[in-house]
Amino acid sequence: MPSPSRGSPITPTFSVGARRGSLRRLLPWVARHKGWVGYSLLAFAGARLLEASVPLFLAEAIDLLAAGNWDVRGPVLGIAGAVLARLFVVSSARVAIRRAAVNVAFDLRRALFDRLQRQGLAFFGRHTVGDMMTRAVSDIGVVRRLVSVGTIFLVILTYATTIGFAAMFYLAPELAWMVFPPLPVIAVYALFAARSMRAASEATQATLGHVTERAQETFGGIRTLQAMAREPFVEARFREANDAYRAAFLHQARINSLMTAIMPSLAAVGTLIVLGYGGALVQAGALTPGKLVAFFAYVAMVIQPMRSAGTLVNMVQRGRVSAERLFDILDLPDEIDDQGARGGESGSAAPPVAGALAFQNVTARYGATRAAALSNLTLHIKPGEVIAIMGPVGAGKSTLLALLPRLLDPDGGQLTLDDTPLPAWSLGALRRAIALVPQDAFLFADDLGANLSYDDPEREEALILDAAEAAAFRQTVDRLPDGLDTRVGERGLTLSGGQRQRATLTRGLVRQAPVLLLDDCFAAVDTHTEAQILDGLFKARAGKTTLFVTHRSATAQRADRIIVLEDGLLTAAGTHEKLLAQGGWYARLAKRQGTA
Ligand code: ADP
Ligand code: MG
């Protein structure tokens, strides 16, 4: 298997070898549940044998009747017993194989979730949530159906063919040979039919996908499009997709009806051959009428599953593609490896961290093929220092912060915390020492309290309220009907943008981490509230290292040092006065904002 390296795109490569491999690689996952699989394979064999005994009893009964003997209790009891027993055996076999399949799906889903959780910013920059959802839901579903329905089809096909032919040769060998010629025709037709039905079904799925996509896009951006009065345009585009879906669906219906209607006619050819030749055998006295009837039953038994051979092939092909898409993710290495020992496991008492940070010629990019988001940055930050980070949009401010808790690893150079390189820290200890409040103020659909104290659900309420106080969020909390127990909706939509920012700021402050990183956390509040927040922040963070991104030079002035990033480069560092004297981006900004 090719092992996808960091930055390589993980779109499937449709080479035949890889596809074969991914099906084989499913085997260990299935083997974990081999008890259930084994039971169902045995039970299906038993069921076929029970089923195959029925025509023999039938033949016996017919021949008894033909001989004028009306006592057919024996064969009738035999049939009844076989049918009843088969009922139990088949249903337990089906449950067993489905149990195995749903367990395989469960394991795969868990492994996938685990793998995805370990990816970093670079991965999530390359993959959409939609793509990951498809893999988790639809690809795993395809694999599950392959394991359950696919296995059922396969064992029925194998068992029915062997047992059916064995019985036919037992009853009338010379007649059995006559059944062979039509079989390849039926099999080939079944494959052809399955292929055209699959093509039609894929076209339907694709057009349905467009319909969903259009709808999602429309309702996701409903406010924008209504504000711009784009409804007629959007409606026309939706109608187009909707039309295409209808057409594809009708085409699929036509193909399916035709293909399935032709199949019985092909099967009838086999029946006619047996009837002609078998009838002659009966007339010549070489075969009893009862045995001829039984023979027909076995012909049906062999032909019936052959009709679904095409469906089986389709399932295997789809399963192969889906399995490969799953292994693409499962094969990913951890984007951020966790080999470091300093700070110990999560849970153990963390040693004190002073909060000295250093960047040594650091270069960072999101994926090997992308341009550097940060180039050759060297910066030393003393414990307890407060740093304001400024610069135009896209300059690399968020990237600089993301490097510290190792949401992203640098491409070149080195970062240290307390003179220890970041990879030498255990990931848990590092991330406990460095609290990051990201730019997008995300709230989980949960209680406000659980959101504010997300790292520690057991934290005392008083501590949370203190942090809220420092973040100028206390008043908002007090005014909420249920205080900290108030549920904030999906993505926290019940709070305003400014309130959300102060909520996430509280979440960062409450941790009292040795290092706090604030990514543009005051953008959505007014200047008065911002001043209030800064007062609270400086008090709460006294003596602790704090880095914050801001766009206001009035805010930046209150830091010990201001650093300016432009296009991934550190272009200035120093106090407000020093940067003003230097001229350049900061001086121009300060002048515009009236702080020069
Ligand atoms: P800033 O925070 O200063 O606005 P960023 O650090 O977010 O800038 O971005 C720096 C550069 O890195 C930009 O060119 C941006 O497009 C790119 N970038 C940021 N995040 C990602 C990501 N997750 N995946 C790919 N590229 C990214
Ligand atoms: Mg940013």
Side-chain angles (χ1 to χ4, degrees), residues 4-11 116-132 329 332 334-336 357 359 361-379 381 387-413 415 422 434-442 497-498 500-501 504-505 507-508 516-525 530 546-553 555-556 559 561-573 579 584-586 588-589 593:
S5 61
R6 267 186 68 193
S8 78
I10 52 174
T11 41
L116 288 174
Q117 268 220 86
R118 276 161 219 284
Q119 299 310 311
L121 274 180
F123 175 87
F124 290 108
R126 285 197 307 270
H127 295 269
T128 62
V129 174
D131 175 42
M132 287 180 273
I329 301 261
L332 287 175
D334 283 356
E335 192 174 306
I336 308 292
L357 300 169
F359 292 74
N361 302 101
V362 169
T363 297
R365 61 184 89 235
Y366 295 87
T369 55
R370 309 234 169 156
L374 215 53
S375 314
N376 206 23
L377 175 93
T378 298
L379 177 68
I381 299 168
I387 304 277
I389 303 170
M390 301 198 75
V393 171
K397 304 181 294 295
S398 298
T399 306
L400 186 155
L401 295 186
L403 288 167
L404 288 165
R406 291 186 72 202
L407 299 179
L408 181 72
D409 272 342
D411 240 27
L415 287 94
L422 298 189
I434 300 179
L436 168 67
V437 179
Q439 195 163 9
D440 58 328
F442 180 82
R500 274 209 304 273
Q501 266 194 346
T504 52
L505 184 58
R507 182 193 285 158
L516 179 65
L517 314 173
L518 305 176
D519 196 350
D520 213 356
C521 289
F522 327 113
V525 297
E530 181 176 348
T546 307
L547 275 62
F548 64 85
V549 172
T550 180
H551 292 288
R552 292 185 190 137
S553 73
T555 309
R561 208 153 36 122
I562 302 169
I563 68 165
V564 179
L565 290 177
E566 286 174 83
D567 215 5
L569 293 167
L570 181 74
T571 53
L579 294 192
W585 185 86
Y586 182 82
R588 286 196 300 277
L589 179 92
Q593 295 184 347

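Along the sequence shown, the residues carry numbers beginning at 1. First listed ligand is number 1; within each ligand, the first listed atom is number 1.
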Margin query: Within this structure, what is the CG-OG1 distance for the pair D520 and T550, rounded to the nearest 0.5 Å?
Written below: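 Taking CG in D520 and OG1 in T550, the distance rounds to 7.0 Å.
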
Next item on the list: Would you give the length of the straight line joining atom CD1 of I389 to atom CD1 of I387, rounded to the nearest 0.5 angstrom?
Entry: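 Atom-to-atom, I389:CD1 and I387:CD1 are 7.5 Å apart.
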
Checklist line | Heavy atoms of other groups near N376 CG, more than 12 under 6.0 Å | finding: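 More than 12 heavy atoms, drawn from other residues, nucleotides or ligands, come within 6.0 Å of this atom.
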
Can you tell me if [X] uses its side chain to pair, donor with acceptor, with the backbone of [Y] under 3.5 Å?
X	Y	value
E335	F123	yes
R370	R365	no
Q119	I329	no
K397	F548	no
E566	T571	no

Item checked: Nearby protein N/O/S atoms (those under 2.8 Å) for the Mg ion (ligand 2), with water ignored ->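 Hits for the Mg ion (ligand 2) below 2.8 Å: S398 OG, Q439 OE1.
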
Notebook entry, point to check: Tell me, which residues have any heavy atom less than 4.0 Å from some atom of ligand 1?
Noted result: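 The answer is L121, G125, Y366, R370, A373, P392, V393, G394, A395, G396, K397, S398, T399, counting any residue whose heavy atom sits under 4.0 Å from ligand 1.
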
Notebook entry, point to check: Can you name the nearest heavy-atom pair linking I562 to Y586, along with the distance?
Noted result: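 So the two residues come closest at CD1-OH, 3.4 Å.
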
